[in-house]
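Note sheet for the following structure.
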Amino acid sequence: MTVVWITGGGSGIGRALALAYAQSSCEVVVSGRRMEALLETQRLGGANIHPLRCDVTKNNDLQQAIEWIEENFRRLDVVIANAGYAQSGLLENLSMANWKRQMEVNLFGLVATVQYSLPLLEQSGGQVVLMSSVMAYVRFPKSGAYAASKAAVTAFGETLQLELHHSAVDCTIVHPGFIESEIGQIDANGQYNPTLKDKRPSKLMWKADDAANVMKRAIDKRKSHVTITGHGKIGEWFARHAPRLLLWIQSRFMV
Ligand SMILES: NC(=O)c1ccc[n+]([C@@H]2O[C@H](COP(=O)([O-])OP(=O)(O)OC[C@H]3O[C@@H](n4cnc5c(N)ncnc54)[C@H](OP(=O)(O)O)[C@@H]3O)[C@@H](O)[C@H]2O)c1
């Protein structure tokens, strides 16, 4: 039996990953704040999907989630720290409350998820998966807080890879480009609002199921890094190898 825990499993990438793992006969625990979204993932994926209410910013919720997994399955093979949202706004206008909320969910929530999971993963020789973003490398105006949170996720993950080097646990860092999900309809307080319009370029967007299949293959191979979408790979390459050229192109054509 393989047990997978996916935070933010009630929509988007998390849901698509949950369905992919359930299809491979894994037991999949999906967590998030909205139970109705998690139940929908269960309806789509069947009895192998186990919804659990858990806000990653609350230590009590995380503690209860890991206890539930231990009681019910006695093991955990893969944790996918996926819960997150994108705070948008010009850096000069973003309030400290917005900054803190972004970091509390995307970074501290992810770190805490990993810390609670590691004891069980060490027993199973399992795997940590961290949902970063191409924006860990590539900058866009009005995305500074989100980019900073994802750059920190990548730094955390790459340090964890070193620290886990002599253990049986591996860590895969995922850098998605634009993937269909609810992320463009999350308000400044981190809540889903279906009336908001997703402003991301639809032509560049991948289907969440396609992205999840590529991610799952990389996770199965225990790769250290995976970047999803062609545009994401190009952006990441320029950001890492020709950052000044990328800045010049972006400031000429995007700002
Ligand atoms: N889609 C993209 O283009 C893209 C690109 C790069 C990276 N990513 C990353 O991929 C991850 C998944 O995002 P997505 O695009 O699939 O967006 P999404 O559909 O909005 O999914 C995000 C999930 O996170 C959960 N979540 C948010 N805050 C939470 C909290 N405090 N505690 C627990 N769960 C929380 C949400 O569920 P509840 O509201 O029910 O809590 C939601 O199910 C995020 O980390 C995002 O930054 C996405």
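As the structure lists them, so they are numbered: ligands from 1, and atoms in each ligand from 1. Quick caveat, the model's predicted, so the values are computed rather than measured.
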About how many Å separate [atom2] of [Y] and [atom1] of [X], when rounded to the nearest 0.5 Å?
X	Y	atom1	atom2	answer
Leu39	Arg34	CG	CZ	12.0 Å
Met103	Leu107	CE	CG	6.5 Å
Phe73	Ser124	CZ	OG	13.5 Å
Gln161	Phe156	CD	CZ	10.5 Å
Lys216	Cys26	NZ	SG	6.0 Å

Given [options], identify the one with the heavy atom nearest to [atom].
atom	options	value
atom 31 (N) of ligand 1	Leu204, Thr7, Asp55	Asp55
atom 28 (N) of ligand 1	Met215, Gln191, Arg15, Arg33	Arg33
atom 5 (C) of ligand 1	Ser132, Ala83, Gly177, Ala136	Gly177
atom 14 (P) of ligand 1	Ser181, Ser133, Gly12, Gly9	Ser181
atom 16 (O) of ligand 1	Leu62, Val153, Ile13, Asn106	Ile13

Residue pair [X] / [Y], side-chain donor-acceptor N/O under 3.5 Å:
X	Y	answer
Ser88	Lys199	no
Glu236	Thr227	yes
Thr172	Gln127	yes

Side-chain donor or acceptor of [X] paired with backbone N/O of [Y] under 3.5 Å:
X	Y	result
Arg15	Ala37	yes
Thr7	Ala83	yes
Ser143	Tyr146	no

For [atom], find the nearest protein heavy atom and state the residue, atom name and distance (0.1 Å precision).
atom	answer
atom 44 (C) of ligand 1	Asn82 O, 3.2 Å
atom 13 (O) of ligand 1	Ile183 CD1, 4.3 Å
atom 32 (N) of ligand 1	Val56 N, 2.9 Å
atom 2 (C) of ligand 1	Arg200 NH1, 3.3 Å
atom 36 (C) of ligand 1	Arg34 NH2, 4.2 Å
atom 8 (N) of ligand 1	Tyr146 OH, 3.5 Å
atom 22 (C) of ligand 1	Gly84 O, 3.5 Å

**Asked** For the residue pair Ala16 and Asp209, what are the closest heavy atoms and their distance?
**Response** CB-OD1, 3.6 Å
Can you check whether [X] has an N/O within less than 3.5 Å of an N/O in ligand 1?
X	value
Glu182	yes
Val134	no
Lys150	yes
Ile186	no
Glu180	no

**Message:** Check Glu40 with Arg43, please: is the shortest side-chain N to carboxylate O separation under 4.0 Å?
**Reply:** yes
**Complete:** Between Asp170 and the options Lys221, His165, Arg222, the side chain to side chain donor-acceptor pair (under 3.5 Å) test singles out Arg222
Counting from 1, what ligand 1 atoms have a heavy atom of [X] closer than 4.0 Å?
X	answer
Met131	9 (C), 10 (O), 11 (C)
Phe178	3 (O)
Pro176	5 (C), 6 (C), 7 (C)
Gly8	23 (C), 24 (O), 25 (C), 43 (O)

Ligand 1 versus [X], non-hydrogen atoms closer than 4.0 Å: side chain, backbone, both, neither?
X	value
Ile179	both
Ser11	both
Cys54	backbone
Ala86	neither

**Prompt:** Does the side chain of Asp187 reach to within under 4.5 Å of the side chain of Leu196, using non-hydrogen atoms?
**Reply:** yes
